Amino acid sequence: MHSTNYHAATTAAEAASLLSSAEDGALLAGGQTLLPTMKARLAAPSDLIDISRAEELRGISVTDGTAIIGAMTTHAEVAGHAELRSAFPALCDLAGRIGDPAVRHRGTIGGSLANNDPAACYPAAVLGTGATISTNKRDIAADDYFEGMFATALDAGEVITSITFPIPDAANYQKFAQPASRFALVGVFVAKSADRVRVAVTGASEEGVFRWTNAETSLSSDFTADAIGGLSVSSQGMISDLHGDGSYRANLVQVLTARAVAAAS
Amino acid sequence: MTQVTMTVNGKSVSGSVEGRTLLSDFIREGLKLTGTHVGCDTSQCGACVVHVNGQPVKSCTMLAAEAEGADVKTIEGMANADGSLSTIQQAFQDHHGLQCGFCTPGMVMSATALLAENPTPSEAEIRAYLEGNICRCTGYHNIVKAIMAASGQEVAAVAAE
């Protein structure tokens, strides 16, 4: 790892200020992607601003129909939160299957969303529910946030503070895990609300997380696995690698969506 | 350089570290506690797992500076006060839960965390909890048996696959 200057911030405002005065600074959330990336010398920020001590960025609150999760809340905290689990079990199940237990004790929801790995799990839940990402500057709708592989609507110096999820009537996340990395080879998040169904897919597309709108239309009138039995996704633009080619991933999208609908609760 | 102070295995320690110094390096090089192993250095193998404020984390994927003020426990802090092996350590010996031993510190730290969270885990729960701890010798069966035994459960129930 190249040399870097470490700073600890205790508020989002302090983090933003430190970030703006750094030559080439980066926020350090849980560090479960950033630190390995720096060790591989694929990233070399001049300054790291550690926000793990910013208490205002942590915590979970579940109110009527909404779950608000602080950006620095760990995957283990989301997975283990009893009130959230009774209101929105699909989100807890998703968080409880990210990485491994040790990673889940450090990795955070805000870090995952800022990184926007094309195979990360949280982007599927955020896009699948139509959640809102709040930063120190503004609120960003999920549909406007994800801009392709590792790309987001975040400006330089913008700090994610919390994520607000509308709690769906029924939801489920199906993850076909790549067994070595434990990232999603394909992951599908299905969320049913009174007026709509949303289907978000991660791990599959070269453009990162996306909504499968054809399935949403079919499922909105008939929320059963059979309703999408005849649908398929084009393998065009799907990720192809040694773990699975584009047509394999395209097929998995349909299979996992059907499983998610069948399992949604 | 940043000055850090933390509690490691019950003792207050401090040292001067670079911003980039990993917790695993501070433990091994700074404190000379070489029981914590670094296997892959890419946060996959789990040989470097230590407890930070009671939770298992990969010490190769955390900066020493991030552990400022933390309560850290390493494999050197696992034995009983009289120096005898902890229940989990003894179970690893009794059930031959190691061969080369390189992964064992991380395995013991993860197993200890699992039993603190879930005192009588099923075989499937044990295997799931060890997803981030890689062993290239044992094939995991004897590790799973050791953890079943340490949790007071019947070991014969663990079937070879």
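Only a predicted model underlies this, so the values are computations on that prediction, with no experimental measurement involved. Note on naming: letters A, B, ... go to the chains in the order of the sequence lines (proteins, then strands), and numbering restarts at 1 for each one.
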Asker: Roughly how far apart are B:Met62 CE and A:His105 NE2, rounded to 0.5 Å?
Answerer: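 Reported value, rounded in 0.5 Å steps: 12.5 Å.
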Asker: Is there side-chain contact between A:Arg182 and B:Glu131, with at least one heavy-atom pair below 4.5 Å?
Answerer: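 Yes. Closest side-chain heavy atoms under 4.5 Å.
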Asker: Nearest 0.5 Å please: distance from the OG atom of B:Ser43 over to the CG atom of A:Leu35.
Answerer: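 Taking OG in B:Ser43 and CG in A:Leu35, the distance rounds to 8.5 Å.
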Asker: If you count heavy-atom pairs under 4.5 Å with chain B, which of A:Pro36, A:Ser3, A:Gly31 comes out on top?
Answerer: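 Highest number of heavy-atom pairs under 4.5 Å: A:Ser3.
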Asker: Which value, rounded to the nearest 0.5 Å, describes the distance between A:Leu48 atom CG and B:Leu63 atom CG?
Answerer: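 Rounded to the nearest 0.5 Å, the CG-CG separation comes out at 6.5 Å.
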Asker: Identify which part of B:Met109 has an atom lying under 4.5 Å from any heavy atom of chain A, answering side chain, backbone, both or neither.
Answerer: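 Neither; nothing under 4.5 Å.
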Asker: Side chain, backbone, both or neither: which part of A:Ala76 has a heavy atom under 4.5 Å from chain B?
Answerer: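 A:Ala76 has no heavy atom closer than 4.5 Å to chain B.
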Asker: With a 4.5 angstrom heavy-atom cut-off, which part of A:Leu28 approaches chain B: side chain, backbone, both or neither?
Answerer: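 Side chain only.
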Asker: Do A:Asp100 and B:Lys58 have side chains that approach each other closer than 4.5 Å (heavy atoms only, starting at C-beta)?
Answerer: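 SC-SC contact between A:Asp100 and B:Lys58 confirmed.
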Asker: What residues of residues 65-98 of chain B sit under 4.5 Å from chain A when you count only heavy atoms?
Answerer: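 Under the 4.5 Å heavy-atom cut-off, B:Ala65, B:Glu66, B:Ala67, B:Glu68 qualify.
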Asker: So which part of B:Asp41 gets closer than 4.5 Å to some heavy atom of chain A, the side chain, the backbone, both or neither?
Answerer: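 Contact with chain A involves both backbone and side-chain atoms of B:Asp41.
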Asker: Below 4.5 Å from any heavy atom of chain A, which atoms of B:Leu114 appear? Answer side chain, backbone, both or neither.
Answerer: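 Nothing of B:Leu114, per the 4.5 Å heavy-atom cut-off to chain A.
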Asker: Which bit of A:Arg53 is near chain B, if near means a heavy-atom gap under 4.5 Å: side chain, backbone, both or neither?
Answerer: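 Only the side chain of A:Arg53 comes within 4.5 Å of chain B.
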Asker: Report yes if the side chains of B:Thr61 and A:Gln32 come closer than 4.5 Å at any heavy-atom pair, otherwise no.
Answerer: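 Sidechains of A:Gln32 and B:Thr61: in contact.
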Asker: When heavy-atom pairs shorter than 4.5 Å are enumerated against chain B, which of A:Thr4, A:Leu34, A:Asp47 gives the highest number?
Answerer: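 Of the candidates given, the most pairs with chain B belong to A:Thr4.
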Asker: Check each atom of B:Glu18 against the heavy atoms of chain A and say whether the ones under 4.5 Å are side chain, backbone, both or neither.
Answerer: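 Just the side chain, heavy atoms under 4.5 Å.
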Asker: Using non-hydrogen atoms only, which part of A:His2 is less than 4.5 Å away from chain B: side chain, backbone, both, or neither?
Answerer: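 A:His2 touches chain B through backbone heavy atoms alone.
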Asker: Quick one: pull up SG in B:Cys60 and NZ in A:Lys39 and give me the separation to the nearest 0.5 Å.
Answerer: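 Between atom SG of B:Cys60 and atom NZ of A:Lys39 there are 3.5 Å.
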Asker: Would you find more than 12 non-hydrogen atoms of other residues, nucleotides or ligands less than 6.0 Å from B:Gln3 atom CD?
Answerer: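 Yes - once you tally the heavy atoms of other residues, nucleotides and ligands closer than 6.0 Å, there are more than 12.
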